[in-house]
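Remarks on the structure that follows.
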Amino acid sequence: MNTTTEVETKECPYCTGKGYFQLLLGGSETCNSCEGTGKKS
């Protein structure tokens, strides 16, 4: 018997689940798509 559990909240495609973007000049900015949660709504 093969059971696979599907995770309902996948990671945000824009920030790859981190919840923020790493800026080129240094620092970071909160991802607007997932509002910093890192999960796709």
Students should find that the hydrophobic cluster of Tyr14, defined by side-chain heavy atoms under 4.5 Å apart, otherwise consists of Phe21
To the nearest 0.5 Å, tell me how far Cys31 SG sits from Lys39 NZ. 13.0 Å
Can you check side chain to side chain contact (heavy atoms under 4.5 Å, CB included) on Cys15 and Ser33, steps first, answer last? CA-CA 8 Å; Cys15 64; Ser33 179; over 6 Å; no
Is a donor on one side and an acceptor on the other found under 3.5 Å between the side chain of Glu29 and the backbone of Tyr20? no
Which residues pass the side chain to side chain contact (heavy atoms under 4.5 Å, CB included) test with Thr16, not counting sequence neighbours? Glu11, Lys18
Answer yes or no: is there a side-chain heavy-atom contact under 4.5 Å between Cys34 and Lys40? no
